[in-house]
Amino acid sequence: MPGSLAWESRCPDPEGRPRHSLPPSLYDPGGHDEQHDAPDRPFEWWCDTFRQSIATIGTVLLVMTPWDKPIPVTRAWCLFEMYSTMVTEAQMHVMIPGSQLVPFAEAVAADSDSVIGALATIDASRAKSFKPSDREMIFKVIEAEIGFDKLNQSVKAKLREWYIDSLLEIVEIFEKTEPNNSGLFSSFGLAIKRFNLKKSIELQTKALQLRLAQLGENDTQTAASYSNLGTALREAGDQARSREYAKKSVQIFLAIHGERHDSTATAYMNLGTSCLSTSEYANAVEYLSKAVSIYEALYGTNDHRIVSAWQNLALAYNYQGKYPESLRTYQKALYVIESSQTSAAEETTLASILTNMSDVCRTMGDVPQALALCTRSLKIEQKIFGEDSPETSEAIASIGHCHDALNDRVKAKEFFERGLRVVVAAYGENHMNTVTHIGNLSNIYLASEPAKAIEYMNKMLTIMRNNGQGKHGHAAAVLVNMASAYSRMGDNARSITTLHEAIAALREVRGEEHPDLATAYFNLGNSYSDAKNPQQAIVYFSLAAPMRKKLLGEHASTAKSYYLLGAEQCNSGDIPNGTSSLEEAYRLATAALGRDHAVTKSYGESLGTARAALQRMRAAPVQHQPQAQQWAQPTGYYPQGYPVPGPGSYPPPAGLPGGYYPPPAGMGGYPAPASQTLGYPYASSRTMYNPNPGAQYQHQGSPIVLAKQNYCGPMSLLICVCCAFPCIALCPVDTR
């Protein structure tokens, strides 16, 4: 086996390594070639015969010394050997001598980003040679055949694999030799989180258990473990425990340090980020704003320690639909990073900021700027990690989304496939990190090939089930998208069935109020609309719109929910409420997108049409006013139904006792008070009260079907006691 050891480095002393702790893969073979002792031969001989010799042997050993600034990657001949190994498809093994093992472990334990720094120093174009003529000829070959950028990326990719393997091997050593060292478990848990999340959670759980046993609950190290483990659990999808641990961390740091302390700020930031994962955006903004305020008070506004808090706060604003505020906050973080002498770790932060800013710009309609930002991000990450490293996948996906926004589906598909490819190469096909990238591809096929999209979605669900997340909220969200694919295929029945399945799952894992649940209600309203069932469409749009308004605020999706609700109401003859919904849609779109946005203008045109129809309706003559009739005592629930004039309540039909009934919180509504006599028993297996027109209701013991409703009377609306809605058509049970 030829060894690649630079001539100016000393051969590692095999007697000096701690044999009791070294894994076999880190042992030094003891031999090396020194190119300055090689006989003078034509350069062509080295290019052909030497390269063929490497192919024949089939294996090359790269000795990394020192580990963080390895000399071999600074020597031209060593690089030529590495390059020859790659082009001949021989195997390359990487090792560090025993004397470097402890410094490597200590560096990673002290700074989990030290690996990134080591990768960032590699630049083949700065390599040296004992003979300047050799360097010149080697560079000529590299530039002609591959180029230094690709060579750097290939070397970094190989070294990245070695770093990950070495970290895991060192962890295995210390698990045996230092079983009670909570600090090492914590440090290495953080170091391997980006490479092996499951192992990271295992190590950080051990660290927390040790600190609870050794230090107790009210200790800063215990609080740090709660915070770090909560972050890892959040990334693994365990939102409940993540939130619990983040809260505990804040409580401990507040008790020990008070409000104005760096650790308290970090704990607030982690708690705010946890709230982002559970879609509690208002809470997220509150906690992240506290973190920002503490950092600003301690360090000012130009300190790099405030950057992460700004990033997360900007993300919260983005989720709330406050895009200008989100962009301004990202720009603050960007200014601080670009104004300082950035380390390799800060370079990765810069790349992350650029990718997130790209997403905001794309949402706001500035796709060219978005494309420029994520392209710049990709170049930074490729420089640090290599071209095909998984760290580049998010920037690659963002570029794909930009091309999708430009209606270049071919280019978008190319980047989405590339993003998936690099993640699969790093983690395997069954890893959770592949799910997002498979989802990107499914969305590309959704419009043109929905059956293909469903194929990708089933693959996502399989991966989730294999990773124990088959009942996770993300799996339910996949079902929501799958229902959209069925709808595009014209299979509304299957779309509706799938959405009901998704809603049941979302209510179980996300609770009664969540943006994903609102999306499912919204899509179900669309499916019922496509199935020519406007009454059910209105029911689910009525659930989606206020939920989105509460959770997302003045957001484009909230505006769209009110718009489609208003359209269905108007088309069903409920012009006043339809107009009210369209007014809200226009107001929300103006706030979220601006008055000049194409969507806002479209909503404005529909609102104008509805207002004209409402004016004509109010000018129509009154035909009759139904008489009040007594209803039977209710025994069930009041569900959502139609909104009516009056804030926060439903008036009963004229002449009936009971006053106003409060609006329901969700699908089940509120129990009807025993003293009330107003109710509309729904004729189904569910005991519910439902004031929706077009369905069957129980009236004095007989089922009826309500007639099409209209409104009567200018400005003041008369209520039909049989249907609880204003009407001018003859009441179906009124015998006058």
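Predicted, not measured: the structure shown is a model, and the values here were computed from it. Side-chain atoms are counted along with the backbone in the values below, which use heavy atoms only and exclude waters and symmetry mates.
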May I have the step-by-step check of side chain to side chain contact (heavy atoms under 4.5 Å, CB included) for Asn458 and Met482, ending in yes or no? CA-CA 9 Å; Asn458 280 321; Met482 188 177 288; 3.4 Å; yes
Can you tell if the side chain of [X] reaches within under 4.5 Å of the side chain of [Y], non-hydrogen atoms only?
| X | Y | answer |
| --- | --- | --- |
| Trp310 | Leu315 | no |
| Thr349 | Gln311 | yes |
| Met432 | Leu197 | no |
| Leu354 | Ser358 | no |
| Asn440 | His437 | yes |
| Ser377 | Ser398 | no |
| Gln204 | Thr231 | no |
| Leu446 | Lys452 | no |

So, the side chain of Ser200 versus the backbone of Gly189: is there a donor-acceptor pair under 3.5 Å, distance only? yes
Going by atom types alone, do Ser225 and Arg211 pair a side-chain donor with an acceptor below 3.5 Å? yes
Could you tell me whether [X] and [Y] make a salt bridge, using a distance below 4.0 angstrom between a side-chain N and a carboxylate O?
| X | Y | value |
| --- | --- | --- |
| Lys411 | Glu417 | no |
| Glu202 | Lys198 | no |
| Glu175 | Lys199 | yes |
| Glu235 | Lys193 | yes |

Taking all atoms of both residues into account, what is the closest heavy-atom pair of [X] and [Y], and its distance?
| X | Y | value |
| --- | --- | --- |
| Ile71 | Thr74 | O-OG1, 2.6 Å |
| Tyr245 | Tyr226 | CB-O, 3.3 Å |
| Ala207 | Ser186 | CB-N, 3.7 Å |

Start with the C-alpha distance between Leu479 and Met457, add both sets of side-chain angles, then the distance that settles side chain to side chain contact (heavy atoms under 4.5 Å, CB included), and finish with yes or no. CA-CA 8 Å; Leu479 290 177; Met457 292 175 198; over 6 Å; no
Apply side chain to side chain contact (heavy atoms under 4.5 Å, CB included) to the pair Leu373 and Cys361, showing each step before the final yes or no. CA-CA 9 Å; Leu373 289 168; Cys361 288; 3.9 Å; yes
Under the ring-ring contact (aromatic ring centres under 6.0 Å, His included) test, which residues partner His304, sequence neighbours left out? none
Would you please test His403 and Phe415 for ring pair (Phe, Tyr, Trp, His ring centres under 6.0 Å) and show each step? CA-CA 9 Å; His403 286 295; Phe415 278 93; 5.4 Å; yes
List the steps, then state whether side chain to side chain contact (heavy atoms under 4.5 Å, CB included) holds for Glu381 with Ser389. CA-CA 9 Å; Glu381 290 177 332; Ser389 70; 5.9 Å; no
